[in-house]
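Notes follow once the structure below has been shown.
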Number of protein chains: 2
Amino acid sequence: MKLLSRQEELVLLSIWQLKGNAYGVTIREYISELTGKYWSIGAIYVPLDRLWEKGLVETYQGPTEKKRGGRSKRYYQVTAEGVKLLQEIKQVQDVIWKDFPRVAEE
Amino acid sequence: MKLLSRQEELVLLSIWQLKGNAYGVTIREYISELTGKYWSIGAIYVPLDRLWEKGLVETYQGPTEKKRGGRSKRYYQVTAEGVKLLQEIKQVQDVIWKDFPRVAEE
DNA sequence: TTCGTTTACTTCTAAATAATAGAAGAATAA
DNA sequence: TTATTCTTCTATTATTTAGAAGTAAACGAA
């Protein structure tokens, strides 16, 4: 089995979670919010390219929008192969994290 | 928050799972079995060193054993700081993997 | 009883791969 | 022109990966 790198996994799952609204900026926002830390632009786009090269995501150019800065966006979605790999990874995650204690509630 | 790299996370969690029996060889075996793939020696020991440098694991030299190849082993265990970080990471994992579908049963 | 061999384990390091930062570029409207 | 939103590009640093070399024990043949 081929595992993904830390960033590839985070980006790929974010695309899945964002459904039809996954493009560079929203992916970056989503991951920032989730982790509460700063992520550079490159920290998103570089692994994104690699996911595409590996056939785990597909991409299409969105329409331009009639508003300021309304440049067309490059949307991403997870391919069937991507979903399959995520399922395999989830199985590993479930085992490795099994029994790990939750944070104590206040 | 500081996330761990892919290998650091896998090794740190393996040490936690192996309880008192975590040393280079058993960690490697555990991860191999879990993932079903080959891992080089360095793929374990290098991130292990880094976890120690970061204070996420502590280590002690085990006793020699009265059997062939019974050289003393370098055991590892997760520090309180390590457990705390894993708990934070688990919270991120729980959100990012939320709702992701299980593999269909045969 | 010693010395070469076997076994179990760790240390080290070079090369390949991935993460990170952010400047520059492109496409839109104001 | 300038402002806004978004992407492309690329250099630097960090991490992963492979496996040769090294260490420490017991075994076994002579």
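Residue numbers begin at 1 in each chain, while the letters A, B, ... track the order of the sequences. Quick note: numbers below take in every heavy atom, side chains included, and nothing from hydrogens, waters or symmetry partners.
Only one option out of B/Val57, B/Thr79, B/Val78 pairs with B/Leu51 in a side-chain contact (heavy atoms from CB on, under 4.5 Å); it is B/Val57.
Phosphate contact (OP1/OP2 of D/dT17, side-chain N/O of B/Ser40, threshold under 4.0 Å): absent. A close approach under 4.0 Å does not occur between any side-chain nitrogen or oxygen of A/Tyr23 and OP1 or OP2 of D/dT7.
For B/Arg6 against A/Leu3, the heavy-atom pair with the smallest separation is CD-CD1, 4.3 Å. The two residues B/Ile15 and B/Tyr76 have their closest heavy-atom pair at CG2-O, 3.5 Å. Here the closest non-hydrogen pair linking B/Ser32 and B/Trp39 is OG-CD1, 3.6 Å. In this structure, B/Val95 and A/Gln17 approach most closely via the heavy-atom pair O-NE2, 3.8 Å.
A search for salt bridge (charged side-chain N to carboxylate O under 4.0 Å, His left out) contacts involving B/Asp94 returns B/Lys90, not counting sequence neighbours. A search for ring pair (Phe, Tyr, Trp, His ring centres under 6.0 Å) contacts involving B/Tyr60 returns B/Tyr75, not counting sequence neighbours.
Summarising the local packing, NZ of A/Lys19 is surrounded by more than 12 heavy atoms from other residues, nucleotides or ligands at distances under 6.0 Å. Other residues, nucleotides and ligands contribute only 12 or fewer heavy atoms inside 6.0 Å of the NZ atom of A/Lys84.
Proximity note for A/Ile41 (side chain, C-beta onward) versus C/dC9, D/dT7, C/dT20: the nearest is D/dT7.
Atom pair A/Ile44:CD1 and C/dT20:P shows a separation of 9 Å (rounding to whole Å applied). Per the geometry, OH belonging to B/Tyr38 stands 7 Å off C1' belonging to D/dA18, to the nearest Å.
Ion pair A/Glu65/A/Lys73 flagged as a salt bridge, since at least one NZ, NE, NH1 or NH2 atom sits closer than 4.0 Å to an Asp/Glu carboxylate oxygen. B/Lys2 and B/Glu88 are not joined by a salt bridge, as no carboxylate oxygen comes within less than 4.0 angstrom of a charged side-chain nitrogen.
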Restricting both atoms to N or O, compile the protein contacts to nucleotides 26-30 of chain C shorter than 3.5 Å, with distance only.
residue: C/dA26; atom: N3; partner: A/Arg71; partner atom: NH1; Å: 2.9
residue: C/dT28; atom: O2; partner: A/Gly69; partner atom: N; Å: 3.2
residue: C/dA30; atom: O4'; partner: A/Arg68; partner atom: NH1; Å: 3.1

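Using a 4.0 Å cut-off on heavy atoms, the residues of residues 24-32 of chain A that approach DNA chain D are A/Gly24, A/Val25, listed by number. Using a 4.0 Å cut-off on heavy atoms, the residues of residues 4-17 of chain A that approach DNA chain C are A/Ser5, A/Arg6, A/Gln7, listed by number. Contacts between residues 45-63 of chain B and DNA chain C, defined by a heavy-atom separation under 4.0 Å, are made by B/Tyr45, B/Val46.
Looking at which nucleotide of DNA chain D each of A/Tyr75 and A/Lys2 is closest to, the 5′-most match is held by A/Tyr75.
A/Ser72 contributes a side-chain N or O that, together with a main-chain N or O of A/Gly62, makes up a donor-acceptor pair within less than 3.5 Å.
Figure legend: cation-pi geometry between A/Lys54 and A/Trp52 absent, as NZ or CZ is not positioned both under 6.0 Å from the six-membered ring centre and within 45° of its axis.
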